[in-house]
Every structure is written in C-alpha cells, then in structure tokens.
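Heads up, the thing below is written out as structure tokens.
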Amino acid sequence: MGRKRKAVEITQFKDNTPKRDRGRPWRVKAGETYGRAQNYRGIFEVIWDRFGPALSKAQTVEEVVEAIKEHGRPYDQTFEPLAGLIFQVLREPTFPARPNSQKRFLADSLGAFGVVSPRRSRDICAEERAKDQRKHRIIRYEYYVECSCGYEGPSKDRACRNCGAGIPASLFG
Ligand SMILES: [Zn+2]
C-alpha cells in the first residue's frame with residue numbers, strides 16, 4: 001500500500017485553505033483523496049441526521065459555517081475550513097436528494113480538499129473504490145497438517161482431509 005505513489009494530478013495552488021504543507025506545491029494523491037473521503041463518509045454516517053438537514057437549509061457560506069458549528073460537532077473543526085467548498089458542492093445541480101446519496105456525494109467531493117474540483121475528486125474516489133473492490137482477498141484458508149492416520153498435506157475445512165480428525169485447539173498457539 002505504502003508503495004503506491006502515483007500522483008494522479010499535480011496541481012499548484014494558492015494556499016488559501018489552512019494546511020500543514022504550507023509553501024509546498026500541493027499534490028493530490030489518489031489514495032489520500034480516497035482515504036479522506038472514506039473518513040468523511042464515516043463521520044457523515046454519525047452526524048448526517050442533524051447535519052444534513054441543517055446544511056440543506058444554508059443559503060450562504062456563512063450559514064454553512066453556522067450549520068457546521070451547530071450540528072457538525074465534534075467534527076466542526078474538520079469541516080469549518082471546508083465551508084466554502086461544501087457550499088459549492090451543495091449547489092451543484094447533481095447534488096442528490098436522498099440523504100444516503102448526499103453523504104457519499106459530499107464526502108467524495110471533499111476528499112481532494114478543493115485542490116482539484118469536487119467533480120474530479122469524486123472521479124478519483126470512484127476510481128480508487130473500484131480498484132479497491134477488484135483487489136483479491138483471502139476468503140478461506142486451510143492448514144498444512146500431519147495426521148496420525150498417515151495423511152500429510154492441506155487440511156479440509158480445518159480437519160484431516162483423509163479421516164476428518166479436527167485440528168486440536170492445543171496446536172494453535
Ligand atoms: Zn487423518
């Protein structure tokens with residue numbers, strides 16, 4: 001994971017969002033964008049019931065800030081610097097109507113911190129998510145066993161493939 005260092009886009013930008021890497025050219029890494037979006041999705045799962053409706057009523061950036069302060073706790077510090085960007089996303093014609101879709105849409109839009117457009121951020125997240133889902137995972141595993149029946153080889157359903165003797169718990173350490 002840590003090896004993947006493909007920067008999807010390299011963008012120079014004026015640092016008007018508060019950030020650690022001040023002064024350095026800001027690179028949008030797909031993995032980081034996606035990681036942040038996933039994190040926001042998790043947060044929205046928790047607070048959207050109150051945060052979502054408050055956001056949808058906001059008519060100005062200031063009102064977004066108010067919604068964040070009032071209903072975004074304890075994550076208000078996280079989202080306050082993104083208020084302008086959030087407002088922009090809320091006003092997109094494609095902003096979904098259903099709460100579940102809204103959370104995901106906003107989270108993915110914010111993933112890139114506004115360094116690239118919300119639209120591009122969503123695309124990056126979609127690509128990374130698809131990649132994630134294509135990754136192979138171990139869904140079942142067996143052991144190499146030596147049984148007193150004489151069988152030696154991979155177990156079957158964690159038992160001797162020949163006689164069915166179970167692997168005793170005492171052997172797991
Ligand atoms: Zn056996």
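Each ligand, and each atom within it, is numbered from 1 in the order the structure gives. Numbers here are sequence positions counted from 1. Keep in mind that the numbers below use all heavy atoms, side chains included, and drop hydrogens, waters and symmetry copies.
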Checking Phe105 against Phe44 for the side-chain contact (heavy atoms from CB on, under 4.5 Å) test, could you report, in this order, the C-alpha distance in whole Å, the side-chain angles of both residues, the deciding distance, and whether it holds? CA-CA 11 Å; Phe105 189 93; Phe44 290 157; over 6 Å; no
Partner of Asp132 by salt bridge (Lys or Arg N to Asp or Glu O under 4.0 Å), out of Lys135, Arg129, Arg134: Lys135
For the side chain of Thr33 and the backbone of Lys29, is there at least one donor-acceptor N/O pair under 3.5 Å apart?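 Yes.
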Ignoring hydrogens and angles, tell me if any N or O in the side chain of Arg161 forms a donor-acceptor pair with the backbone of Pro154 under 3.5 Å. yes
Could you pull out the N/O/S protein atoms under 2.8 Å of the Zn ion (ligand 1), ignoring any water?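 Listed by chain and number: Cys147 SG, Cys149 SG, Cys160 SG, Cys163 SG.
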Could I get the full list of salt bridge (Lys or Arg N to Asp or Glu O under 4.0 Å) partners for Arg119, not counting sequence neighbours?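 Checked Arg119 against salt bridge (Lys or Arg N to Asp or Glu O under 4.0 Å); matches are Asp123.
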Can you get from Val116 to Leu82 by hopping between Ile, Leu, Val, Met, Phe, Trp and Tyr side chains that sit under 4.5 Å apart? yes
